[in-house]
Amino acid sequence: MERVQKVIANNGYCSRRKAEELIKAGKVRVNGEVVRELGTLVDTNDTIEVDGFVIDKAEKIYILLNKPRGVVTTTSDDKHRKTVTDIVNAKTRVYPVGRLDYDTTGALLLTNDGVLTNALLHPSNNIEKVYVAKIKGLITEGHRKTLEKGVVIDGVKTGRCKTRLLKLDKKTNTSIVALSIHEGRNHQIKNMFKELGYQVIKLRRDSVAFLNCDGLQSGEYRYLTTKEVKRIYNLINTKK
C-alpha cells in the first residue's frame, strides 16, 4: 500500500506537494469518501478521485512533441486556445513536463509518469535544455559571455550556461544564438536577453537532455522507446 498523495503524484496529475494541498482542501476522494489525512494508505483496488477526476492507473507512456507556435502547454485553457494535449492523441491522459510559452516551439515531453516528471523538473538534477533564439540586434561577444556567467532576473542570478553564436545578420539587424541551460525559470531565455537589451523574436527548444525533434515536423510527435526511457532514468540517477 502507498500514501494517497504519492499515488496521485506518480500518476502525473500534479506534484506530491500539490496533492497534499488538495487533500487538505478536501478535494480528494478514496472510494467515494473525502480524505483529509496525508497518511491515508491506498492500494491498487481503491478508486481515487481528485477534484472529480478519477486517477488512471494505466501503463506509463512517454511522448516527445515538436510543439508548434500558438499552442499552450497545459491540459486545458479557459481562453479556449488549443493545448498540447489537443494535439497528442494518447491512449491515456498525459501531462506536459514543464512549460513552453505560447509562441515558443520545439521539444516537449508529455507523460503520465509523475516520478519522471518531478525528477526532470527538479533543479538538482541539472537536466540540459538547448534553446535557439532569434533576437533583435547584433549581440556582442561581451554580452554573450555575460549570458554564460549568469544574468540577474528579479534579484536572482541565473546559473552558468553555454552559448553559441549561430548567425549575425547586419541587413536585418538580428542574431541567432543557441543557449544550453539547466534551469527552467518562467520566461527565462526571454528575460535573460531582455536584461541585456535584446528582444527575442523567435524561440525554439532544440532538445531536452539527449532528446530532440529530428524527423518531427511542427505539431508531430512520437512515443519514446523503452531504451530512451531507461536512458533518461539512468541520466537522472547518475546526477543524484
Side-chain angles (χ1 to χ4, degrees), residues 5 8-29 48-58 60-122 127 129 131-134 153-154 181 183-194 199-208 211-213 216-224:
Q5 62 264 39
I8 293 170
N10 287 354
N11 279 274
Y13 186 88
C14 61
S15 68
R16 192 179 302 189
R17 180 177 295 180
K18 180 63 177 178
E20 291 175 349
E21 293 175 1
L22 292 170
I23 292 169
K24 292 177 181 178
K27 295 186 177 182
V28 175
R29 291 175 180 266
I48 303 169
E49 296 176 65
V50 183
D51 233 358
F53 175 77
V54 178
I55 295 297
D56 188 0
K57 301 182 182 70
K60 299 296 186 287
I61 60 175
Y62 310 86
I63 294 171
L64 177 64
L65 167 70
N66 186 354
K67 178 191 171 296
R69 290 171 66 94
V71 176
V72 291
T73 312
T74 57
T75 55
S76 62
D77 182 64
D78 55 9
K79 296 180 182 178
H80 306 293
R81 294 172 295 182
K82 181 179 283 190
T83 71
V84 290
T85 51
D86 291 330
I87 297 175
V88 174
N89 184 25
K91 54 187 175 182
T92 189
R93 187 167 181 173
V94 293
Y95 305 85
V97 179
R99 288 177 178 253
L100 289 179
D101 291 343
Y102 183 75
D103 57 349
T104 299
T105 64
L108 179 71
L109 288 170
L110 298 98
T111 183
N112 58 347
D113 185 342
V115 172
L116 184 67
T117 296
N118 292 332
L120 287 173
L121 295 178
H122 200 283
I127 302 301
K129 295 171 283 287
Y131 291 83
V132 174
K134 181 178 182 180
I153 300 173
D154 296 328
I181 68 172
E183 300 173 289
R185 292 164 62 179
N186 196 30
H187 308 304
Q188 180 170 337
I189 301 297
K190 293 178 180 178
N191 287 335
M192 287 173 71
F193 280 109
K194 183 179 179 181
Q199 176 191 355
V200 174
I201 302 169
K202 288 183 180 179
L203 184 61
R204 181 181 75 248
R205 184 157 70 185
D206 262 14
S207 62
V208 177
L211 296 168
N212 58 53
C213 291
L216 293 176
Q217 297 296 317
S218 179
E220 291 184 341
Y221 62 91
R222 69 173 178 85
Y223 287 82
L224 300 192

Sorted by chain and number, sequence neighbours left out, side chain to side chain donor-acceptor pair (under 3.5 Å) with Asn191 holds for none
Sequence neighbours excluded, the answer for salt bridge (charged side-chain N to carboxylate O under 4.0 Å, His left out) partners of Asp103 is Lys190
Is a side-chain donor or acceptor of Asn118 paired with a backbone partner of Gly114 at a separation under 3.5 angstrom? yes
Just to verify, what does Arg29 make a side chain to side chain contact (heavy atoms under 4.5 Å, CB included) with, not counting sequence neighbours? Val34, Glu49
Is there a side-chain contact between Thr111 and Val94, using heavy atoms and a 4.5 Å cut-off? no
Interatomic distance, NZ@Lys134 vs CD@Gln199, rounded to 0.5 Å, equals 11.5 Å
Please step through side-chain contact (heavy atoms from CB on, under 4.5 Å) for the pair Thr74 and Arg99, ending with a clear verdict. CA-CA 8 Å; Thr74 57; Arg99 288 177 178 253; 3.2 Å; yes
Could you state the interatomic distance from CG (Leu203) to NE2 (His187), rounded to the nearest 0.5 Å? 11.5 Å
Heavy-atom nearest pair, Pro96 first then Leu108, reads CB-CD2, 4.2 Å
Counterpart residues, salt bridge (charged side-chain N to carboxylate O under 4.0 Å, His left out), relative to Arg204 (two or more places apart): Asp206
Set of residues satisfying side chain to side chain contact (heavy atoms under 4.5 Å, CB included) with respect to Arg81, sequence neighbours excluded: Val72, Asp77, Lys79, Tyr102
Could you pull out the closest heavy-atom pair between Leu211 and Leu109, with the gap in Å? CD1-CD2, 3.7 Å
Do Leu224 and Leu64 touch side chain to side chain, with heavy atoms closer than 4.5 Å? yes
Working to the nearest 0.5 angstrom, can you tell me the gap between Asp101 CG and Lys67 NZ? 7.5 Å
I'd like to know if the side chain of Tyr221 pairs up with that of Asn66 as donor and acceptor (distance under 3.5 Å, no hydrogens or angles considered). no
Please name the pair of heavy atoms, one in Asn112 and one in Ile61, separated by the smallest distance, quoted to 0.1 Å. OD1-N, 2.9 Å
My understanding is that only residues two or more places apart in sequence, or in another chain, count here; which of them pass salt bridge (charged side-chain N to carboxylate O under 4.0 Å, His left out) with Glu21? Lys18
What are the two closest heavy atoms between Cys213 and Gly106, and how far apart are they? SG-C, 4.0 Å
Residues in side chain to side chain donor-acceptor pair (under 3.5 Å) contact with Thr73, at least two apart in sequence or another chain: none
Just wondering, are more than 12 heavy atoms of other shown residues or ligands nearer than 6.0 Å to CZ in Arg222? yes
Excluding sequence neighbours, so at least two apart, what forms side chain to side chain contact (heavy atoms under 4.5 Å, CB included) with Gln188? Thr158, Ile181, Glu183, Arg185, Met192
Can you list everything that forms a side chain to side chain donor-acceptor pair (under 3.5 Å) with Arg205? Sequence neighbours excluded, please. Tyr131
Pairwise distance NZ(Lys27) to CG(Asp51) - rounded to 0.5 angstrom: 5.0 Å
Can you tell if the side chain of Thr117 reaches within under 4.5 Å of the side chain of Tyr95, non-hydrogen atoms only? no
Lys194 meets the salt bridge (charged side-chain N to carboxylate O under 4.0 Å, His left out) criterion, sequence neighbours left out, with none
Rounded to the nearest 0.5 Å, the CD atom of Gln5 sits from the CZ atom of Arg16 at a distance of 7.0 Å
Among Leu216, Ile87, Thr85, exactly one meets side chain to side chain contact (heavy atoms under 4.5 Å, CB included) together with Leu65. Which residue is that? Ile87
Considering all heavy atoms of both residues, which atom of Ala133 and which atom of Phe193 are nearest to each other, and what is their separation? CB-CE1, 3.7 Å
Mind checking side chain to side chain contact (heavy atoms under 4.5 Å, CB included) for Ser218 and listing every partner two or more places apart, or none if nothing turns up? Pro68
Please identify each residue that fulfils side chain to side chain donor-acceptor pair (under 3.5 Å) with Thr75, with sequence neighbours left out. none
Tell me whether Thr104 contacts the main-chain N or O of Leu100 through its side chain, where contact means a donor paired with an acceptor under 3.5 Å. no
